[in-house]
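Chain naming here is simple, since letters A, B, ... match the order of the sequence lines and numbering starts at 1 in each.
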Amino acid sequence: MKPAAIDAFFATLQTANPTPETELVFASRFELLAAVLLSAQATDVSVNKATRALFAVAPTPERMLKLGEAGVIEHIKTIGLFRSKAKHLIQACRLLVERHHGQVPRDREALEALPGVGRKTANVVLNVAFGEPTMAVDTHIFRVANRTGLAPGKTPLAVEQGLLRRIPVRYLEDAHHWLILHGRYVCQARKPLCHACQVRTHCDHGRLTAMPS
DNA sequence: ATCCCGAGGG
DNA sequence: CCCTCTGGAT
């Protein structure tokens, strides 16, 4: 896709995307980190439902440690993968307190050293909490980037680098949300709604499927 | 490559 | 019933 098409693509997504009533809810950098960690292979709606009560009790790593793994599990039982997530969250809090004075580090290596935090989660925290120019490639973005031809790649890292090369830094955070919303509501995994897609004309897959066969 | 693992949609 | 959801660790 050429730069002009990229601009048109995102300009259209910006005006087309539905009200993002479903975004992760957090009130601090720590809550952001915890919410993103818990959101792996889970919808943000289910994560918000759990973190609402969890963060009321444990809004800091210290309070999370006091709550303990069993206490965390009680709050996040409705989320998938809850046992490993509770263990990771508690151990991550331990490291935050021991190594980072209970603060979320502005450092990729330090973030990825936390249990349950990989490149995708670190990218979200670095971008949203600290304004660093990163692009977190989740399942939606990986699919949309490949299907549309926006930034094809065999691995999430390859797609990430392609998107960083093509998207103006100023748009990175918004583009991240637009791509996810587009992936969730229009460019769905199973059955992409190409007939209702507003960026179809900019999309490899959309142009093909729009043709009579 | 496989496991973790509940909720929601088709 | 099967697949998917803002992945990460082994």
Round to a whole Å and report the spacing from CG of A:L89 to P of B:dC5. 15 Å
May I ask you to evaluate whether A:T78 reaches the phosphate of B:dG6, defined as a side-chain N or O under 4.0 Å from OP1 or OP2? no
Closest approach to the side chain of A:T139, judged atom by atom: which nucleotide of B:dG6, C:dC5, C:dT6 is it? C:dC5
With a 4.0 Å cut-off on heavy atoms, is A:I180 in touch with a base, just the backbone sugar-phosphate, or nothing at all? base
If you assign each of A:A42 and A:P115 to its closest nucleotide in DNA chain C, which residue comes earlier from the 5' end? A:A42
Return the value, rounded to whole Å, for the distance between atom CG of A:L81 and atom C1' of B:dC4. 5 Å
In whole angstroms, the gap separating P of C:dT6 from CE of A:M135 amounts to 16 Å
If you compare every side-chain N and O of A:H140 against the phosphate oxygens of C:dC5 (OP1, OP2), does one of them come in below 4.0 Å? yes
Could you measure between the two C1' atoms, the one in C:dT4 and the one in B:dC5, and give it in whole Å? 13 Å
Give one of base, sugar-phosphate or nothing for A:K85, where a contact means two heavy atoms less than 4.0 Å apart. nothing
Please tell me if A:R184 has a side-chain N or O lying less than 4.0 Å from either OP1 or OP2 of C:dC5. no
Looking across every strand, which nucleic acid part, if any, lies under 4.0 Å from A:P156 by heavy atom: base, sugar-phosphate, or nothing? nothing
Are A:R119 and A:E160 ion-paired here, with the side-chain N under 4.0 Å from a carboxylate O? yes
In whole Å, I'd like the distance from the CG atom of A:L38 to the C1' atom of B:dC5. 14 Å
C:dG7 P sits how many Å from A:E160 CD, rounded? 14 Å
A:V137 near the nucleic acid: base, sugar-phosphate alone, or nothing, with a heavy-atom cut-off under 4.0 Å? nothing
With a 4.5 Å limit on heavy-atom distance, are the side chains of A:V97 and A:L65 in contact? yes
Pair A:E98 + A:R94: basic N to acidic O under 4.0 Å: no
What does A:S46 touch in the nucleic acid at a heavy-atom separation under 4.0 angstrom: a base, only the sugar-phosphate, or nothing? nothing
With a 4.0 Å cut-off on heavy atoms, is A:A189 in touch with a base, just the backbone sugar-phosphate, or nothing at all? sugar-phosphate
Taking A:T134's backbone N and O only, do any of them form a donor-acceptor pair with A:N123's side chain (distance below 3.5 Å, no angle check)? no
C:dG8 and B:dA7: how far apart are their P atoms, nearest whole angstrom? 22 Å
Atom of A:H88, atom of A:G116 and distance for their closest heavy-atom approach: ND1-CA, 3.6 Å
Base, sugar-phosphate, or nothing for A:R190, non-hydrogen atoms under 4.0 angstrom? base
What does A:I76 touch in the nucleic acid at a heavy-atom separation under 4.0 angstrom: a base, only the sugar-phosphate, or nothing? nothing
By nearest-nucleotide position on DNA chain C, the 5'-leaning member of A:V36 and A:H88 is A:V36
A:H182 vs A:F9 aromatic rings, parallel, tilted or perpendicular, using cut-offs 30° and 60°? perpendicular
Toward the 5' end of DNA chain B, which comes first, A:G80 or A:Q188, by nearest nucleotide? A:G80
Hey, is the side chain of A:T121 poking within less than 4.0 Å of OP1 or OP2 on C:dG8, counting only N and O atoms? yes
A:V144, A:L179, A:D44, A:T139 screened by side chain to side chain contact (heavy atoms under 4.5 Å, CB included) with A:R184, the one that passes: A:D44
A:K87 has an atom NZ; how far is it from atom P of B:dC5, in whole Å? 10 Å
To the nearest Å, give me how far apart CG (A:D44) and P (B:dG6) are. 20 Å
Nucleotide C:dA9, atom C1' - distance to CD of A:Q41 in whole Å: 13 Å
Base, sugar-phosphate, or nothing: which does A:H177 touch, judged by heavy atoms less than 4.0 Å apart? base
